[in-house]
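Below is one structure, written out as structure tokens; the observations come after it.
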Amino acid sequence: MKKTVGYKAMNMDMTCRDFQFEVGKTYKIENDKSLNLCTDSGFHFCEKFEDVFKFYNWYNCRVFKVETSSKIVTDGQKSITKEITIVGEVAREDLKYEELESESAKNYYNIILETDEKLIFDTFKNDSNYNVRKTVVTKLTDENLIVAFKDDSDYDVRKTVVNKLTNEMLIFDTFKNDSNYNVRKTVVTKLTDENLIVAFKDDSDYDVRKTVVNKLTNEMLIFDTFKNDSNYNVRKTV
């Protein structure tokens with residue numbers, strides 16, 4: 001039977017529908033079910049790269065080249081087969097940018113597959129979509145570029161910045177007074193210095209204070225600091 005080549009999007013950990021995949025391996029579904037799309041009768045994939053983004057968000061997936069010599073059933077943008085080989089992760093050289101039509105495919109090419117951090121930063125730092133800006137942050141390793149997003153209008157982007165930074169003092173000084181409790185809570189989870197952690201003991205949000213309790217290791221410090229906390233969830237965590 002003729003070989004069919006296609007593309008399969010997966011979660012970041014290379015799972016799809018709770019099935020764990022690995023590059024270079026061939027997988028076969030042994031069942032008597034007839035091949036039908038949107039069922040567990042086989043493995044789904046797309047024959048066209050752009051189509052994977054109709055089923056997955058471009059900013060939180062990975063795309064792999066796949067091939068099969070088994071029977072396939074196709075309906076429009078999606079195909080299914082009982083046997084599939086994961087050839088390798090898609091790289092920039094596998095695609096022709098000028099042939100990409102959708103914004104999602106272009107973003108995947110320009111941000112996920114790009115290796116020049118400064119180019120990614122300069123091109124997309126002011127993008128109107130917070131998911132794009134958030135994805136830019138996840139691609140950066142230069143802390144000077146990462147921290148440039150510290151005042152981003154979207155709290156989830158700022159939270160991503162906190163998770164990407166490694167310098168505890170920089171994290172603390174930059175985000176300790178962030179207006180969003182989710183960001184401050186993330187700051188606490190990134191800290192190991194108990195002097196910095198306990199600085200959040202009077203935070204206005206009980207969930208942040210609860211996170212402080214979970215991060216501290218000194219029992220006496222936990223007890224003395226939070227035994228009379230106004231929120232029962234915090235006292236319960238103590």
Side-chain angles (χ1 to χ4, degrees), residues 11-13 56-62 103-104 107-108 110-112 114 116-219 221-238:
N11 299 318
M12 299 302 286
D13 60 357
Y56 272 76
N57 290 322
W58 68 268
Y59 48 82
N60 60 8
C61 75
R62 295 165 69 186
E103 199 66 26
S104 293
N107 280 336
Y108 195 88
N110 285 318
I111 300 178
I112 304 296
E114 179 57 70
D116 186 330
E117 290 193 24
K118 193 71 170 62
L119 179 59
I120 295 171
F121 177 80
D122 289 341
T123 308
F124 295 99
K125 68 185 178 206
N126 296 317
D127 195 277
S128 59
N129 188 304
Y130 87 95
N131 280 310
V132 174
R133 301 193 307 275
K134 180 178 173 183
T135 306
V136 168
V137 173
T138 66
K139 284 287 292 180
L140 301 175
T141 59
D142 185 327
E143 298 213 337
N144 291 322
L145 298 182
I146 294 169
V147 84
F149 289 88
K150 67 184 176 62
D151 298 316
D152 194 275
S153 59
D154 189 272
Y155 87 85
D156 209 28
V157 174
R158 302 195 306 275
K159 183 176 162 187
T160 305
V161 170
V162 172
N163 276 319
K164 281 291 290 185
L165 291 172
T166 58
N167 184 319
E168 285 195 30
M169 210 62 221
L170 177 61
I171 294 170
F172 179 79
D173 288 340
T174 308
F175 294 99
K176 66 178 184 280
N177 297 317
D178 194 275
S179 59
N180 187 279
Y181 85 95
N182 285 293
V183 177
R184 300 194 307 275
K185 180 178 173 182
T186 306
V187 169
V188 174
T189 65
K190 287 281 290 186
L191 300 175
T192 59
D193 185 328
E194 299 214 338
N195 292 322
L196 298 182
I197 294 170
V198 84
F200 289 88
K201 66 184 176 60
D202 298 316
D203 194 275
S204 59
D205 189 273
Y206 86 84
D207 209 26
V208 175
R209 302 196 305 276
K210 181 177 162 187
T211 305
V212 170
V213 173
N214 278 320
K215 279 291 289 186
L216 291 172
T217 59
N218 185 318
E219 288 191 26
L221 177 60
I222 294 170
F223 178 77
D224 289 341
T225 308
F226 294 100
K227 67 177 184 283
N228 296 316
D229 193 274
S230 60
N231 187 277
Y232 84 94
N233 286 293
V234 176
R235 300 195 306 274
K236 182 179 174 183
T237 304
V238 169

Could you check whether any side-chain heavy atom of [X] comes within less than 4.5 Å of a side-chain heavy atom of [Y], counting everything from C-beta outward?
{"X": "Phe172", "Y": "Phe200", "result": "yes"}
{"X": "Asp205", "Y": "Asp203", "result": "yes"}
{"X": "Leu165", "Y": "Lys190", "result": "no"}
{"X": "Phe124", "Y": "Thr135", "result": "no"}
{"X": "Leu170", "Y": "Val147", "result": "yes"}
{"X": "Val132", "Y": "Ile111", "result": "yes"}
{"X": "Asn107", "Y": "Tyr59", "result": "no"}
{"X": "Asn57", "Y": "Asn131", "result": "no"}

Would you compute the distance between atom [atom1] of [X] and atom [atom2] of [Y] and round it to the nearest 0.5 angstrom?
{"X": "Thr189", "Y": "Asn214", "atom1": "OG1", "atom2": "CG", "value": "11.0 Å"}
{"X": "Asn60", "Y": "Met12", "atom1": "CG", "atom2": "CE", "value": "7.5 Å"}
{"X": "Ile222", "Y": "Thr217", "atom1": "CD1", "atom2": "OG1", "value": "7.0 Å"}

Has Lys150 got more than 12 heavy atoms of other residues, nucleotides or ligands less than 6.0 Å from its NZ? no
Run Lys134 and Asp156 through salt bridge (charged side-chain N to carboxylate O under 4.0 Å, His left out) and show every step you take. CA-CA 7 Å; Lys134 180 178 173 183; Asp156 209 28; 2.8 Å; yes
Donor-acceptor under 3.5 Å (Lys215 side chain, Thr192 main chain): no
Which residue, Asn177, Val162, Ile197, forms the side chain to side chain contact (heavy atoms under 4.5 Å, CB included) with Val187? Val162
Among residues at least two apart in sequence or on other chains, which ones pass side chain to side chain donor-acceptor pair (under 3.5 Å) with Asn167? none
Assess whether side-chain contact (heavy atoms from CB on, under 4.5 Å) is satisfied between Tyr181 and Tyr206, documenting all intermediate values. CA-CA 9 Å; Tyr181 85 95; Tyr206 86 84; over 6 Å; no
Can you see which heavy atom on Arg62 is nearest to which on Asn11, and at what distance? CD-O, 4.2 Å
Closest heavy-atom pair and its distance - Thr237, Lys210: OG1-CG, 3.3 Å
Here the salt bridge (charged side-chain N to carboxylate O under 4.0 Å, His left out) pairs for residues 221-237, sequence neighbours left out, are Arg209-Asp229
